[in-house]
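What follows is a single structure, written as structure tokens, with notes after it.
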Amino acid sequence: EERAERKREREREREREKEHEREKERQRQKAERSRLEQQRAAEERAEMERLERERAEQAKSDRERKERQRMEQDRVDRDRGEREKRERGRDDDVERRIEERYRDR
């Protein structure tokens with residue numbers, strides 16, 4: 001009777017140890033899943049930040065390029081305006097000389 005009781009007690013103790021080991025494994029797996037999820041979330045955040053930086057850099061580059069184009073166009077327009085003004089001045093001089101000739105006659 002006593003031997004049978006000790007045997008049952010040893011069996012119950014082995015079962016408690018097995019259950020304890022299973023619980024430790026469940027906790028280990030849970031911690032690993034949590035770690036992987038946090039790592040994935042951090043990688044996603046880093047990727048989103050990288051993409052946002054790239055978009056901002058591209059937008060800045062586009063703005064700078066447009067500003068350079070606008071400044072170049074302003075310069076071209078200014079040069080054209082000055083050239084046209086000189087040409088108009090020459091035309092005015094020619095017309096004035098012609099008028100002076102007719103007046104002199």
Side-chain angles (χ1 to χ4, degrees):
E1 178 80 22
E2 251 181 60
R3 252 185 1 229
E5 181 58 31
R6 284 194 305 266
K7 185 177 178 186
R8 286 193 298 273
E9 183 56 35
R10 282 194 307 271
E11 187 60 32
R12 284 193 295 269
E13 182 60 28
R14 275 195 296 275
E15 277 303 312
R16 280 193 298 271
E17 286 174 6
K18 284 182 189 173
E19 182 53 35
H20 179 69
E21 288 302 314
R22 286 191 292 266
E23 182 58 28
K24 275 173 45 179
E25 180 62 16
R26 282 192 293 271
Q27 291 299 320
R28 187 193 67 73
Q29 289 177 0
K30 182 179 176 184
E32 179 67 5
R33 282 191 303 273
S34 175
R35 184 189 70 76
L36 290 172
E37 176 59 27
Q38 288 175 351
Q39 179 182 347
R40 187 188 62 73
E43 288 169 354
E44 283 181 6
R45 274 191 309 277
E47 178 66 7
M48 294 299 285
E49 289 167 1
R50 183 187 68 77
L51 290 171
E52 183 56 35
R53 274 192 311 276
E54 281 181 8
R55 277 195 299 274
E57 289 169 6
Q58 185 62 49
K60 179 181 178 191
S61 172
D62 290 349
R63 282 191 309 275
E64 290 171 347
R65 181 177 40 75
K66 286 179 183 172
E67 178 63 14
R68 283 191 304 273
Q69 288 173 340
R70 187 191 60 74
M71 289 169 62
E72 177 63 16
Q73 189 60 48
D74 287 351
R75 187 189 64 74
V76 167
D77 291 347
R78 206 170 37 253
D79 291 351
R80 181 183 304 124
E82 290 170 6
R83 187 174 60 248
E84 289 172 354
K85 198 186 306 177
R86 280 194 311 271
E87 289 170 357
R88 274 195 311 275
R90 271 190 240 118
D91 290 346
D92 291 347
D93 287 346
V94 168
E95 285 181 32
R96 195 169 47 254
R97 281 192 225 115
I98 292 172
E99 289 172 4
E100 287 171 1
R101 282 191 203 135
Y102 279 112
R103 265 200 325 256
D104 292 345
R105 289 186 179 172

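Note that the structure is a prediction, hence the values are computed from the model and not measured.
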Quiz item: When you look at CZ of R3, are more than 12 heavy atoms from neighbouring residues, nucleotides or ligands closer to it than 6.0 Å?
Solution: no
Practice problem: Report, as yes or no, whether the 6.0 Å neighbourhood of atom CZ on R35 holds more than 12 heavy atoms from other residues, nucleotides or ligands. | Solution: yes
Inspect the contact between [Y] and [X] and indicate whether a charged nitrogen and a carboxylate oxygen are less than 4.0 angstrom apart.
X	Y	result
R55	E52	yes
E57	K60	no
R75	D79	yes
E5	R12	yes
R70	D74	yes
R101	D104	no
R40	E44	yes
E21	K18	no

Quiz item: Just how far is it from atom CG of D77 to atom CZ of R80, taken to the nearest 0.5 Å?
Solution: 5.0 Å
Quiz item: Going from CZ on R6 to CD on E1, what distance comes out if it is rounded to the nearest 0.5 angstrom?
Solution: 11.0 Å
Quiz item: If you group Ile, Leu, Val, Met, Phe, Trp and Tyr whenever their side-chain heavy atoms sit less than 4.5 Å apart, what else falls in with Y102?
Solution: V94, I98
Self-check item: Sequence-distant partners of E47, side chain to side chain donor-acceptor pair (under 3.5 Å), two or more places apart
Solution: R50
Quiz item: Do the side chains of R63 and K66 get nearer than 4.5 Å, heavy atoms only?
Solution: no
Self-check item: Non-neighbouring partners of E17 that pass side chain to side chain contact (heavy atoms under 4.5 Å, CB included), sequence neighbours left out
Solution: E13
Quiz item: Side-chain donor-acceptor pair under 3.5 Å between Q39 and E43, yes or no?
Solution: yes
Self-check item: Pair R103-E100, side chain to side chain contact (heavy atoms under 4.5 Å, CB included): steps then yes or no
Solution: CA-CA 5 Å; R103 265 200 325 256; E100 287 171 1; 3.3 Å; yes
Quiz prompt | Q29: which of E25, R26, E32, Q27 passes side-chain hydrogen bond (donor to acceptor under 3.5 Å, both in side chains) | solution = E25
